[in-house]
Amino acid sequence: MRRGHRASLDAQSKNVHYIGRVRGCPEKSGNPTHRGDLGLTAARLSGLILHCAAMFIEPLVSIIPGSTAVITQINAMGPASVAWYAVPSLLLLAGHRRQKAAVTALLDAALLNVRVTMYNGTAL
């Protein structure tokens, strides 16, 4: 018998009869995560980490060769900075499309909250 199902026992023949799913007991706890999904999620998160690190711990990011232009674009808080934030954020949301709706909604709300507070009061 599979997890989340119940059965009844026929008293006369001692056979187990399948009844159906037990309400509130899921067959799976979530969708399986594949190695490719984990790799892409790590790449998307690294884009968001780059954006945050360029804003808050610039000396650490400036060690990376060629990062001066990226740091300048992100700290300018202009359209390029929005793109450096929006692209990994949207890709991260797209990568979680197979997860439960509540997980995606919480991630969407968190990313939108960060975006609104970060760019509130700018020229955009």
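Keep in mind that what you see is a predicted model, and the values were worked out from it rather than measured.
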Trainee: Check whether any side-chain heavy atom of Ile71 sits under 4.5 Å from a side-chain heavy atom of Ser62, and report yes or no.
Mentor: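 SC-SC contact between Ile71 and Ser62 confirmed.
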
Trainee: Tell me whether Trp84 shares a hydrophobic cluster with Phe56, the cluster being built from Ile, Leu, Val, Met, Phe, Trp, Tyr side chains joined at under 4.5 Å.
Mentor: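 Cluster IDs for Trp84 and Phe56 match.
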
Trainee: In residues 45-52, what donor-acceptor pairs under 3.5 Å come from side-chain atoms, sequence neighbours left out?
Mentor:
{"unit_1": "Ser46", "atom_1": "OG", "unit_2": "Ala42", "atom_2": "O", "d": "3.4"}
{"unit_1": "Ser46", "atom_1": "OG", "unit_2": "Ala43", "atom_2": "O", "d": "2.5"}
{"unit_1": "His51", "atom_1": "NE2", "unit_2": "Ser81", "atom_2": "O", "d": "3.3"}
{"unit_1": "His51", "atom_1": "NE2", "unit_2": "Ser81", "atom_2": "OG", "d": "3.4"}
{"unit_1": "His51", "atom_1": "NE2", "unit_2": "Tyr119", "atom_2": "OH", "d": "3.2"}

Trainee: If you group Ile, Leu, Val, Met, Phe, Trp and Tyr by side-chain heavy-atom gaps below 4.5 Å, do Ile74 and Ile57 land in one group?
Mentor: no

Trainee: Please name the pair of heavy atoms, one in Ala53 and one in Val61, separated by the smallest distance, quoted to 0.1 Å.
Mentor: CB-CG2, 3.3 Å

Trainee: Do Leu107 and Val103 touch side chain to side chain, with heavy atoms closer than 4.5 Å?
Mentor: no

Trainee: For Leu111 and Tyr85, which heavy atoms make the closest approach, and how far apart are they?
Mentor: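 Heavy-atom minimum between the residues: O-OH, 2.8 Å.
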
Trainee: Please report the shortest heavy-atom distance between Met55 and Met77, naming the atom on each side.
Mentor: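 The answer is CE-SD, 3.6 Å.
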
Trainee: Between Arg44 (side chain only) and Leu91 (backbone N and O only), is there a donor and an acceptor less than 3.5 Å apart?
Mentor: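 Between the backbone of Leu91 and the side chain of Arg44 there is a qualifying donor-acceptor contact (under 3.5 Å).
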
Trainee: Between atom CG of Asn113 and atom CE of Met118, what is the distance when rounded to the nearest 0.5 Å?
Mentor: 10.5 Å

Trainee: Could you tell me the separation between the NZ atom of Lys100 and the CG atom of Leu106, rounded to the nearest 0.5 Å?
Mentor: 12.5 Å

